[in-house]
Novice: 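Could you have a look at this structure, given as structure tokens, before my questions?
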There are 2 protein chains.
Amino acid sequence: MVLAGELFAEKGFRATTVREIADAAGILSGSLYHHFDSKESIGDEILQGFLNDVLADYRAAVDTGDDPRAVLETIVRTSTGTLARHRAALAMLQNDWTYFSGQPRFGYLRKALQEIEKIWITQFEEGKRAGVFRADLDAKLTYRLLRDILWIPVHWQPGNQWSTPQIVDAFLSLLFHGINEKP
Amino acid sequence: MVLAGELFAEKGFRATTVREIADAAGILSGSLYHHFDSKESIGDEILQGFLNDVLADYRAAVDTGDDPRAVLETIVRTSTGTLARHRAALAMLQNDWTYFSGQPRFGYLRKALQEIEKIWITQFEEGKRAGVFRADLDAKLTYRLLRDILWIPVHWQPGNQWSTPQIVDAFLSLLFHGINEKP
DNA sequence: GTCTATATCGAGATAGAC
DNA sequence: GTCTATCTCGATATAGAC
């Protein structure tokens, strides 16, 4: 239910009522329960589709067998598009993380994030060994920063000032060069 | 009410009930209304204190009259401490932004963020003119990324793996150098 | 300043007619 | 597949005794 997703993203999962979802769909709230057995089922469907797609991006990037810098760049470039397509799902994840992650039903959320974390850290460590990344990089801390950074723009208003490629380029140049002019 | 703030940060403003707040305070929900006239008043008090402190940091950094790079570093270093002290308030702002910013009562939130934005952009532009920042930097886009990045760690669990100085250093070195080993 | 008790409202969900 | 009608619950907030 893509309509529901937009509402969840805009107002938060808990703050969105089934009546609002039904309104957006042009039916009454009771009729919604012919399509879904609960509000949480709607959220579940949205989140699962999102995480499956993101994980596919990460796995594909690793499977190229490229060097760490190229793998990370591939991850950033492909997953950014996926994140943009699943804007609503990501916003739900960020806004209502404590709510979802606390429920057994949504246990796959934690698992997916753990797999993503492992991929980033592995690439960092390999890059450090190869001498292409700074040796003093704290892999886990840097991962947490970067992952959350990647997730930021999707939270911004849809159809706003910057295109997805623009944002990706800004992020990548920040990632690899910082904001300084070259010496 | 610092107890309420912790709950708001952990569960979200709307998801936190006045009964939970009262429980944490060791009284019954009805008794809370002797101290506050509404749940929103509690949120209001927390958010105002936070934004006043952050704005003070930003203004002080600008008032040093230092060069852009130094001003930005001062902002990052001082405001990070302030953000950490107001962890709960910042989490509220991030989680329930659409809720708060939609209400006239919380109009000062938008105003404060506009002032912060103007300061970042001014420093970027000055640094670009002076040739110390990359000329191709999109000031507004970079600001949005960096502001949100600065706000990320505060969202992490309290008392966790990394100390505030550690996080600040990771952020600053990312900001000025990226993750690459020097050529 | 905290209690008991309660008013009022809006939420998610259900049953059965059409 | 959508409707009307309704149940049940938990939320914010209030009134007044102690």
Side-chain angles (χ1 to χ4, degrees), chain A residues 1-50 88-89 91-109, chain B residues 1-49 88-89 91-107 109:
Chain A
M1 199 64 132
V2 77
L3 280 167
E6 287 306 319
L7 287 171
F8 291 152
E10 194 186 329
K11 308 175 53 102
F13 181 76
R14 279 167 297 193
T16 303
T17 69
V18 292
R19 277 177 246 269
E20 288 170 323
I21 300 172
D23 276 0
I27 56 178
L28 290 193
S29 66
S31 311
L32 259 191
Y33 288 84
H34 177 77
H35 304 277
F36 295 98
D37 48 298
S38 74
K39 183 179 157 186
E40 292 198 350
S41 298
I42 307 179
D44 199 11
E45 199 169 286
I46 294 171
L47 289 175
Q48 285 206 39
F50 164 53
M92 286 167 62
L93 205 62
Q94 291 179 297
N95 280 326
D96 296 294
W97 167 256
T98 48
Y99 175 73
F100 288 123
S101 66
Q103 298 178 249
R105 170 174 198 166
F106 294 96
Y108 61 88
L109 294 178
Chain B
M1 197 66 133
V2 77
L3 279 168
E6 288 304 320
L7 288 171
F8 291 152
E10 194 186 327
K11 309 175 51 103
F13 181 75
R14 279 167 298 192
T16 303
T17 69
V18 292
R19 275 179 251 268
E20 288 170 323
I21 300 172
D23 276 359
I27 57 179
L28 291 193
S29 66
S31 311
L32 258 193
Y33 288 83
H34 178 77
H35 305 277
F36 295 97
D37 47 301
S38 76
K39 184 178 157 185
E40 292 198 349
S41 297
I42 307 180
D44 200 11
E45 200 170 286
I46 294 171
L47 289 174
Q48 284 206 40
M92 288 167 62
L93 206 61
Q94 291 179 298
N95 279 327
D96 296 294
W97 167 255
T98 49
Y99 176 73
F100 289 123
S101 66
Q103 299 178 247
R105 170 174 198 166
F106 294 98
L109 295 177

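To find a chain, count down the sequence lines: A is the first, B the second, and so on, and within it residues start at 1.
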Novice: Starting at atom CZ of A/F8, determine the distance to atom C1' of C/dG12, rounded to an integer number of angstrom.
Specialist: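 In whole Å, C/dG12 C1' and A/F8 CZ are 12 Å from each other.
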Novice: Given atom CG of A/D23 and atom P of C/dG12, what is their separation to the nearest angstrom?
Specialist: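 About 12 Å, once rounded to whole Å.
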Novice: The criterion is side-chain contact (heavy atoms from CB on, under 4.5 Å); which residues satisfy it with B/I27, sequence neighbours excluded?
Specialist: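 Per chain and number, B/I27 pairs via side-chain contact (heavy atoms from CB on, under 4.5 Å) with B/A22, B/A25, B/S31, B/L32.
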Novice: Measure across A/T16 and A/I21 and return the closest heavy-atom pair with its distance rounded to 0.1 Å.
Specialist: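 The pair with the smallest heavy-atom distance is CG2-CG1, 3.9 Å.
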Novice: Can you list every ring-ring contact (aromatic ring centres under 6.0 Å, His included) pair that touches residues 10-46 of chain B, not counting sequence neighbours?
Specialist: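 Sorted result for residues 10-46 of chain B: B/F8-B/F13, B/F13-B/Y99, B/F13-B/F100.
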Novice: Taking OP1 and OP2 of C/dA13, is either one under 4.0 Å from a side-chain nitrogen or oxygen of A/Y33?
Specialist: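 So the side-chain polar atoms of A/Y33 do come within 4.0 Å of the phosphate oxygens OP1 or OP2 of C/dA13, strictly under.
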Novice: Locate the shortest heavy-atom distance separating B/A9 from B/M92; write the atom from each residue and the value.
Specialist: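 Of all heavy-atom pairs spanning B/A9 and B/M92, the closest is N-CG, 4.5 Å.
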Novice: Listed by chain and number, what are the side chain to side chain donor-acceptor pair (under 3.5 Å) partners of B/S29, not counting sequence neighbours?
Specialist: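 Here no residue qualifies.
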Novice: State, to 0.1 Å, how close B/I46 and B/A89 come at their nearest heavy-atom pair, and which atoms those are.
Specialist: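 Answer, listing the atom of B/I46 first, then B/A89: CG2-CB, 3.7 Å.
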Novice: In residues 34-43 of chain B, which ones come under 4.0 Å of DNA chain C, going by heavy atoms?
Specialist: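 Here the set is B/H34, B/H35.
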Novice: Do B/F106 and B/L93 pass the side chain to side chain contact (heavy atoms under 4.5 Å, CB included) test, and can you show the C-alpha distance, the side-chain angles, and the key distance before you say yes or no?
Specialist: CA-CA 11 Å; B/F106 294 98; B/L93 206 61; over 6 Å; no
Novice: Enumerate all atom pairs, one protein N or O and one N or O from nucleotides 3-5 of chain D, separated by less than 3.5 Å.
Specialist:
residue : atom : partner : partner atom : Å
D/dC3   : OP2  : A/L28   : N            : 2.5
D/dC3   : OP2  : A/S31   : OG           : 3.2

Novice: Rounded off to whole Å, could you give me the CD1-to-P distance for the A/I21 and D/dT2 pair?
Specialist: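 Distance, rounded to whole Å: 15 Å.
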Novice: C/dA11 P sits how many Å from A/F13 CZ, rounded?
Specialist: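 Rounded to whole Å, this separation is 14 Å.
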Novice: How long is the line joining CG of A/L7 and C1' of C/dG12, in whole Å?
Specialist: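 Rounding to the nearest Å, CG of A/L7 and C1' of C/dG12 are 16 Å apart.
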Novice: Do you know which two heavy atoms are closest between B/I42 and B/A4, and how far apart they sit?
Specialist: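 Of all heavy-atom pairs spanning B/I42 and B/A4, the closest is CG2-CB, 3.7 Å.
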Novice: Which pairs, with at least one residue in residues 18-31 of chain A and sequence neighbours excluded, count as a salt bridge (charged side-chain N to carboxylate O under 4.0 Å, His left out)?
Specialist: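 Only A/K11-A/E20 qualify under salt bridge (charged side-chain N to carboxylate O under 4.0 Å, His left out).
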Novice: How long is the span from the CG atom in B/L109 to the CD atom in B/Q48, to the nearest 0.5 Å?
Specialist: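 Taking CG in B/L109 and CD in B/Q48, the distance rounds to 8.5 Å.
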Novice: Rounded at 0.5 Å granularity, tell me how far CZ in A/R14 sits from CG in A/D96.
Specialist: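 If we round to the nearest 0.5 Å, A/R14:CZ and A/D96:CG are 5.0 Å apart.
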Novice: Need the bend value for the helix from C/dG1-D/dC18 to C/dC18-D/dG1: angle between end axes, 5 pairs each end, nearest 10°.
Specialist: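 Here the helix ends are tilted 0° relative to one another.
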Novice: List, with names and distances, any nitrogen or oxygen atoms from the protein found under 3.5 Å away from nitrogen or oxygen atoms belonging to nucleotides 6-9 of chain C.
Specialist:
none

Novice: Within the 4.5 Å heavy-atom criterion, are B/E40 and B/R105 side-chain neighbours or not?
Specialist: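 A side-chain contact under 4.5 Å exists here.
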Novice: Please report the shortest heavy-atom distance between A/A24 and A/L7, naming the atom on each side.
Specialist: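 Scanning both residues, the minimum pair turns out to be CB-CD1, 4.0 Å.
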Novice: In whole angstrom, give the distance that lies between atom CZ of A/R14 and atom C1' of C/dA11.
Specialist: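 From A/R14 CZ to C/dA11 C1': 14 Å.
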